[in-house]
There are 2 protein chains.
Amino acid sequence: MDLTYQTIEHLAPLVRKKKISPVELLDAILARIDALNPRLNAYITVAADAARADAQRAENEIRRGRWRGPLHGIPISLKDNIATKGLRTTAGSKILAGNIPDEDATVVRSLRRAGAVIVGKTNMHEFAYGVTTENPHFGATRNPWDTSRIPGGSSGGSAAALAAGMCFASVGTDTGGSIRIPASLCGIVGLKPTYGRVSVHGTVALSPTLDHVGPLARTVADTAIVLRAIAGRDPLDATTLALPPPRLPENLKKLPKRIRLGLPRDYYFDCLDDEVRSAVLQAVKHFEQRGADIVEVALPSLAASVEPSNHIALAEAAHYHHKMGWFPAHAAEYGEDVRKRMEMGPEVRAVDYLRAFEMQERVRAEFDCAFAMVDAILAPVTPVAAPQLGQKMLTLDSEEEPVRAALLRLCRPANLAGVPAISVPCGFTRAGLPIGLQLIGPRCGEEMVLRLALAYEQAHAWQAQHPDL
Amino acid sequence: MDLTYQTIEHLAPLVRKKKISPVELLDAILARIDALNPRLNAYITVAADAARADAQRAENEIRRGRWRGPLHGIPISLKDNIATKGLRTTAGSKILAGNIPDEDATVVRSLRRAGAVIVGKTNMHEFAYGVTTENPHFGATRNPWDTSRIPGGSSGGSAAALAAGMCFASVGTDTGGSIRIPASLCGIVGLKPTYGRVSVHGTVALSPTLDHVGPLARTVADTAIVLRAIAGRDPLDATTLALPPPRLPENLKKLPKRIRLGLPRDYYFDCLDDEVRSAVLQAVKHFEQRGADIVEVALPSLAASVEPSNHIALAEAAHYHHKMGWFPAHAAEYGEDVRKRMEMGPEVRAVDYLRAFEMQERVRAEFDCAFAMVDAILAPVTPVAAPQLGQKMLTLDSEEEPVRAALLRLCRPANLAGVPAISVPCGFTRAGLPIGLQLIGPRCGEEMVLRLALAYEQAHAWQAQHPDL
């Protein structure tokens, strides 16, 4: 059996029954990384020795009959802006190239408590401030489906590692789509939870108002397993919510009988690639055929919220980098695109920042109105499949648009509103590139989003296809 | 035809077609007030002359073909803590007994723009800080269904006036149930909208974090008509939301095919009078028989939120009364119960106030979780029908409880969470006292709540029954 493309859902009972050992799993993953990482550059740091010690400890515990749950002994990766005690955490930056944290981020502590084996730190767009993962210091990550293309970002290494069988799950961050964009472009699953559902303590901040930590995995079930391990109130992060942990996938398999799904009239279906549009509308039809009511929902302020969202991110990122003593002190050590944004940050006026929060309130209220009528909203994740490495612009409906703006635009509204949103594979282009379906839910509606995504996934075989590597 | 118990929905087309004149409507209402207000004491001030001038102006406009909409020429009342230019606004207090505002509250401006005729100012619990409307300065309002009983409060005058046919609609305020409690005890409809949906500018504040302005009427349709007139962004109230106005009742008559309604497992069904419990469960069964799925929802923090809610109200009320120079300067002019609360206010510690906001976040998240699964939650409004005037305690499930605490407890969670909640009549006790059903919806879900209430009301005839006066 080829272990590297197995799911956690499938492996966990085998690990529990000692039919597969955590050390064996880790060896398979490390061999896969040895074989493929030189081409794909998904990992910045592979922690082979520490991971082996962790896997051995997990194996011993399980042998003594102490199984901690479905992540016990499972090799996972972490985006490299999530602090790991004693393990280099670069945030994809030259400035932090030698940064070895004294402490684990809260999510890392939670994952270790669940028995997960941390196999390494994945490549990312520098400081998470971009969507291509063309990292100027550690090299570009390549999309496993076509290595001449970007994996998306900023959690591009996590998504590429999953698509190539180099880990079983990963944890990333999402400030404007950084989990969902690479999930969509690499054909895996990525969930941005409700704002405050998962602690951000111990992650390198980008824009605290919009920052979210969340899981990436190859299936919806595996995504739910990781979410359950990392969600919850954290005294070290005042924004976290005290809620019961989301349930495990076996408890999410029944769909409510009566479902109403929203199709956004505004914004999400403008300027799309035809193949993306038709794959997403096919998914809409699938839900309709299963008996869901499809209802139009209005989100009229989204187009006007693009610039305010940029203002929040620019101002907060500049403030944080200044406070940390990184910018302008080390301006020369930034890649060109992120340096340019750091220079733009201080130009955002306080009145624009305040206006942006008024816009945030308006967008939240519009989503609230929509979710008073529907269980979830269906939309594309990205308007196109993976662009080429180095590509700066793309053309949709004869409009030219920067790649960065195009990849962000359908993801950022959920960050502004703080509502959960998942990317699940919903097909391939004729060129064989993955397409993502976005399911956006109401605040704290992770379980509804996961249920719907699980039902969709089970009716399709997208996740059974893997890139030819 | 007896005009005074007609609905706005029925009257508006007749007014528009000049089959009924606004002056005729007003005369009927004024005659009814003359006949009944001495017994019921629902009005503090009747503005007969100003109302007649308004009704005449409406009649002239309509005769010239300028019909403003369904409130044009309709006599309505306002709770006496809502500022009316040139018309005494007492907030039920001795301190403000001679207060004549220079300016209308925003909702009054909106109502005048819609052509409504303001017939007078209704009695209330002093400063809105109580639930009995036993006003020490202007006398107790009596419940039209049994004049030995309270109408509830603090908007008790508005509810009694409606139940007795002394106006066609009213606007009140609700900080812990002050619209819904009297609606429930007087057998009419009262809606507390989403926090920020209706401007509070120009109302006498009680606790700005929890204060809401909203409509009372005899039917759900009339409630929707008034809500549409008063909802919306107000530059003078920074908490207001910019959302399209809720639709008129004719657009709310179709229920979505697939409805999921929540039955709270926690809190709302503890310590109820048996007749109240069985009337509410009968309503639940009604929705089930219409095809709705009834789902259990968890709101585990509500019991622990009672004290924090009190802390917010006590501290904010004391702060406001101090800032206005009312307390302690005029302590002797307060009724005993409100004075006691003003003395308790400064004893709330800042740490308790901050903890209360943490509890507010938790309760909001629990409601969010519930509303990710259901369209609305069904519950009683008050655990008992109207208590006697002067009654201080009541016994439920052999537990003694202050009347005040009992009437507040099922209403206040929606204030803390800021979610919309409506009270609609759902039957009578064997003694002939009205019972209220509460429908609680997600943030900005007024339309869903109104749709459900409208469907429920149309299937029953409770609103066709009137007290014997």
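First the proteins, then the strands, lettered A, B, ... as listed; each starts at 1. Note that the structure is predicted; figures quoted are calculated from it, not measured.
Between B:Asp375 and A:Ala372, the shortest heavy-atom distance links the atoms OD1-O, 4.4 Å. Across every non-hydrogen atom of A:Ile259 and B:Arg258, the tightest pair is O-CD, 3.5 Å. Nearest heavy-atom pair across B:Arg443 and A:Asp368 is NE-OD2, 2.5 Å. Of all non-hydrogen atoms in B:Arg260 and A:Pro256, the two that sit nearest each other are NE-CB, 3.6 Å.
For the set B:Arg197, B:Glu447, B:Met373, B:Glu361, the count of heavy-atom pairs under 4.5 angstrom toward chain A peaks at B:Met373. In terms of heavy-atom pairs under 4.5 Å with chain B, the best-connected choice from A:Pro300, A:Ala292, A:Ala365 is A:Ala365. Among A:Pro244, A:Cys369, A:Gly445, the residue with the largest count of heavy-atom pairs under 4.5 Å with chain B is A:Cys369. Per-residue counts of heavy-atom pairs under 4.5 Å with chain A were compared for B:Leu243, B:Val374, B:Leu241; the largest is that of B:Leu243. Counting heavy-atom pairs closer than 4.5 Å to chain A, the top residue among B:Gly196, B:Gly291, B:Ala242 is B:Gly291.
Heavy-atom neighbours of A:Lys253 NZ from other residues, nucleotides or ligands within 6.0 Å: above the threshold of 12. For A:Gln458, the CD atom is densely surrounded, since the number of other residues' heavy atoms within 6.0 Å is greater than 12.
With rounding to the nearest 0.5 Å, the separation of SG in A:Cys444 from CZ in B:Arg364 is 12.0 Å.
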### Task
Show your working on side-chain contact (heavy atoms from CB on, under 4.5 Å) between A:Arg233 and B:Arg362 and close with a plain yes or no.
CA-CA 10 Å; A:Arg233 170 85 188 142; B:Arg362 181 179 301 204; 5.8 Å; no

